[in-house]
Amino acid sequence: MTDRISQIASHLNWPKGMLAGQVAIITGSGQGIGAEAARLFANEGAKVVVSDIDSAKAKAVADSITSAGGQAIAVPGDMLDDAYLKTLVKSAADFSGNGKIHIIVNNAGYTWDGVIHKMTDKQWDAIVALHCTAPFKLVREAAPYFRVRDGEPRAILNVSSSSGVHGNAGQANYALAKAGVTGLTKTIAKEWGPAFGVRANTIAFGHIATRLTQAKEMGVFVTGPGGEKIAIGIPEAQKKAAGPALYTDIPLRRPGTATEAASAMLAMCSPMFSYVSGQTLMVGGGRNM
Ligand SMILES: NC(=O)c1ccc[n+]([C@@H]2O[C@H](COP(=O)([O-])OP(=O)(O)OC[C@H]3O[C@@H](n4cnc5c(N)ncnc54)[C@H](O)[C@@H]3O)[C@@H](O)[C@H]2O)c1
């Protein structure tokens, strides 16, 4: 029967996939986990809004999706710019063709580490602004598209980290901010679940292989507030110090790939998770059990 329906659907050119007919904003989707999520969501029929501060990378992701037959637009900008958040939401609603937005994945982020006694106010404020305040402002801006009673699925997924759940030396700012999103997530679930059926969840990654976790010596920088250049990555010395113990705290004994991380995001935003809300899913190969 299902085969017959999909045959008819393909004949009629109906949208197919777990997210068919849904519009998804994915922040920080110019590369890494977000870019993989953009591709996977588009493969499942979503119209994806690729949001990133790096406009060339955002455009490349959107182009690769459309050239593969999917639907995506790039809406580049800085999550710390209030005007951009308005543009992002409006562009998503316009892209939908029917003024609807179904999914927001708050994924944009980076780390700016320092031990507590050396951490500057600038480091603290930048990380809290990007990982907590910006997701809140985006969700608030998109409220009119989520507080609706049309019977269609709505999901918000906020990205956290094992640092946010367990703390991490050298990451007081990031640990606080990534813990903060779980409170935001649960509040959305409680405010918008009852009348509107909106699901809100948190996904907390462990070690995922992206530029955020590659060797710091590779010299990759992100541009922080005020144009400040911030080095990202994990110092090789830290890995060397672990020696043969590297990854022994991970039952699966390896970092995850961006595709594996994004697959868990897709599952959480899909109908497979239709009765799951307010939860934090650890995606870390079993670390921190
Ligand atoms: N990689 C990991 O091991 C890991 C672990 C835990 C949590 N995370 C979280 O997962 C998310 C994705 O990280 P990733 O590893 O894919 O990193 P990444 O550096 O590969 O991608 C992050 C993207 O966010 C974008 N971005 C950064 N600041 C922005 C801003 N102000 N406005 C708009 N876009 C901005 C970057 O340009 C980049 O494209 C982040 O929130 C990160 O904190 C990652």
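When a ligand or atom number is given, it counts from 1 through the structure's own listing order. These numbers come from the heavy atoms of this one structure, side chains and all, not from hydrogens, waters or symmetry mates.
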**Prompt:** Stepwise, does the salt bridge (Lys or Arg N to Asp or Glu O under 4.0 Å) test hold for Asp52 with Lys57?
**Reply:** CA-CA 8 Å; Asp52 204 286; Lys57 286 181 177 165; over 6 Å; no

**Request:** Say whether Tyr84 and ligand 1 are in contact under the criterion: heavy-atom distance to a ligand atom below 4.0 Å.
**Result:** no

**Message:** I'd like to know if the side chain of Thr210 reaches the main chain of Leu212, judged simply by a donor and an acceptor atom lying under 3.5 Å from each other, with no hydrogens or angles considered.
**Reply:** yes

**Message:** With a 6.0 Å cut-off (strictly less than), is the heavy-atom count around NZ of Lys122, excluding the residue itself, greater than 12?
**Reply:** no

**Request:** For ligand 1, find out whether one of its N or O atoms is nearer than 3.5 Å to an N or O atom of Asp54.
**Result:** no

**Message:** Using a 6.0 Å cut-off, check whether atom NZ of Lys100 has over 12 heavy atoms from anything other than its own residue.
**Reply:** yes

**Asked** Does atom CD1 of Ile116 have more than 12 heavy-atom neighbours, drawn from other residues, nucleotides or ligands, at distances under 6.0 Å?
**Response** no

**Message:** So if I count the atoms of ligand 1 from 1 in the order they appear, which ones are less than 4.0 Å from some heavy atom of Tyr110?
**Reply:** 27 (C), 28 (N)

**Prompt:** Are Ser160 and ligand 1 in contact, using a heavy-atom cut-off of under 4.0 Å?
**Reply:** yes

**Item:** For ligand 1, the portion of Lys178 having any non-hydrogen atom under 4.0 Å away
**Value:** side chain

**Prompt:** For atom 16 (O) of ligand 1, which of Thr27, Ile33, Thr223, Asn168 has the closest heavy atom?
**Reply:** Ile33

**Prompt:** Which residue owns the protein heavy atom closest to atom 23 (C) of ligand 1, what's the atom, and how far is it?
**Reply:** Gly28 O, 3.5 Å

**Asked** Between the main-chain N or O of Pro153 and the side-chain N or O of Arg199, is there a donor-acceptor pair closer than 3.5 Å?
**Response** no

**Prompt:** Same hydrophobic cluster for Ile234 and Tyr247, using side-chain heavy-atom links shorter than 4.5 Å among ILVMFWY?
**Reply:** no

**Fill in**
When rounded to the nearest 0.5 Å, the distance separating CG of Leu19 from NZ of Lys47 is 13.5 Å

**Request:** Take every heavy atom of Pro255, measure it against each atom of ligand 1, and state whether any distance is under 4.0 Å.
**Result:** no

**Fill in**
Counting from 1 in the order shown, the ligand 1 atoms closer than 4.0 Å to a non-hydrogen atom of Ser161 are 6 (C), 7 (C)

**Request:** Could you tell me the residue and atom name of the protein heavy atom closest to atom 3 (O) of ligand 1, and the distance to it rounded to 0.1 Å?
**Result:** Ile208 N, 2.8 Å

**Asked** Got the closest protein heavy atom to atom 19 (O) of ligand 1, with its distance?
**Response** Arg211 NE, 2.7 Å

**Request:** Before giving the answer on salt bridge (Lys or Arg N to Asp or Glu O under 4.0 Å), spell out for Lys186 and Glu191 the whole-Å C-alpha distance, their side-chain angles and the decisive distance to 0.1 Å.
**Result:** CA-CA 9 Å; Lys186 290 179 182 187; Glu191 285 193 16; over 6 Å; no

**Prompt:** With only distance considered, is Asp52 within less than 3.5 Å of ligand 1 through an N or O on each side?
**Reply:** yes

**Prompt:** Would you say His207 contacts ligand 1, with heavy atoms under 4.0 Å as the rule?
**Reply:** yes

**Prompt:** Out of curiosity, is Gly77 lining ligand 1, as in a heavy atom under 4.0 Å away?
**Reply:** yes

**Prompt:** Do the ring centers of Tyr145 and His102 come within less than 6.0 Å of each other?
**Reply:** no

**Prompt:** Looking only at N/O atoms, are Tyr174 and ligand 1 under 3.5 Å apart anywhere?
**Reply:** yes

**Asked** Going from CD1 on Ile101 to OG on Ser91, what distance comes out if it is rounded to the nearest 0.5 angstrom?
**Response** 9.0 Å

**Asked** Is the backbone of Gln171 close enough, under 3.5 Å, to the side chain of Asn168 for a donor and an acceptor to pair up by distance?
**Response** no

**Complete:** atom 15 (O) of ligand 1: of Thr210, Asn106, Val181, the nearest heavy atom sits on Thr210

**Prompt:** If you count the atoms of ligand 1 from 1 in the order shown, which ones are under 4.0 Å from a heavy atom of Asp78?
**Reply:** 30 (C), 31 (N), 32 (N)

**Asked** If we only count N/O pairs under 3.5 Å, is Leu130 in contact with ligand 1?
**Response** no

**Asked** Should Gly206 be counted as touching ligand 1, given the test is an N or O pair under 3.5 Å?
**Response** yes

**Request:** Could you tell me whether the side chain of Glu217 and the main chain of Glu236 form a donor-acceptor pair under 3.5 Å?
**Result:** yes

**Prompt:** Nearest protein heavy-atom contact for atom 22 (C) of ligand 1: which residue, which atom, what distance?
**Reply:** Gly109 O, 3.7 Å

**Prompt:** Would you say the side-chain atoms of Asn106 pair up with the backbone N or O of Asn158, donor to acceptor, closer than 3.5 Å?
**Reply:** no

**Proximal atoms of ligand 1 relative to Ala108 (non-hydrogen, under 4.0 Å)** = 24 (O), 34 (N), 35 (C), 41 (O)

**Asked** Side chains of Thr202 and Ser160: is there a donor and an acceptor less than 3.5 Å apart?
**Response** no

**Message:** Please state which option from Leu212, Thr213, Asn158 has its nearest heavy atom closest to atom 44 (C) of ligand 1.
**Reply:** Leu212

**Prompt:** To the nearest 0.1 Å, how far is atom 32 (N) of ligand 1 from its closest protein heavy atom, and which atom is that?
**Reply:** Met79 N, 3.0 Å

**Fill in**
of all protein heavy atoms, closest to atom 21 (O) of ligand 1 is Gln31 CG, 3.8 Å

**Flag, side chain of Tyr84 to backbone of Val75, donor-acceptor distance under 3.5 Å** = yes

**Prompt:** What atoms in ligand 1 come closer than 4.0 Å to a heavy atom of Gly32?
**Reply:** 16 (O), 20 (O)

**Prompt:** Out of Asn107, Val159, Leu80, whose heavy atom is nearest to atom 41 (O) of ligand 1?
**Reply:** Asn107

**Request:** Name the option, out of Ile234, Ile53, Val222, that contains the heavy atom nearest to atom 29 (C) of ligand 1.
**Result:** Ile53

**Fill in**
In ligand 1, the atoms that come under 4.0 Å of a heavy atom of Phe205 are 5 (C), 6 (C), 7 (C), 10 (O)

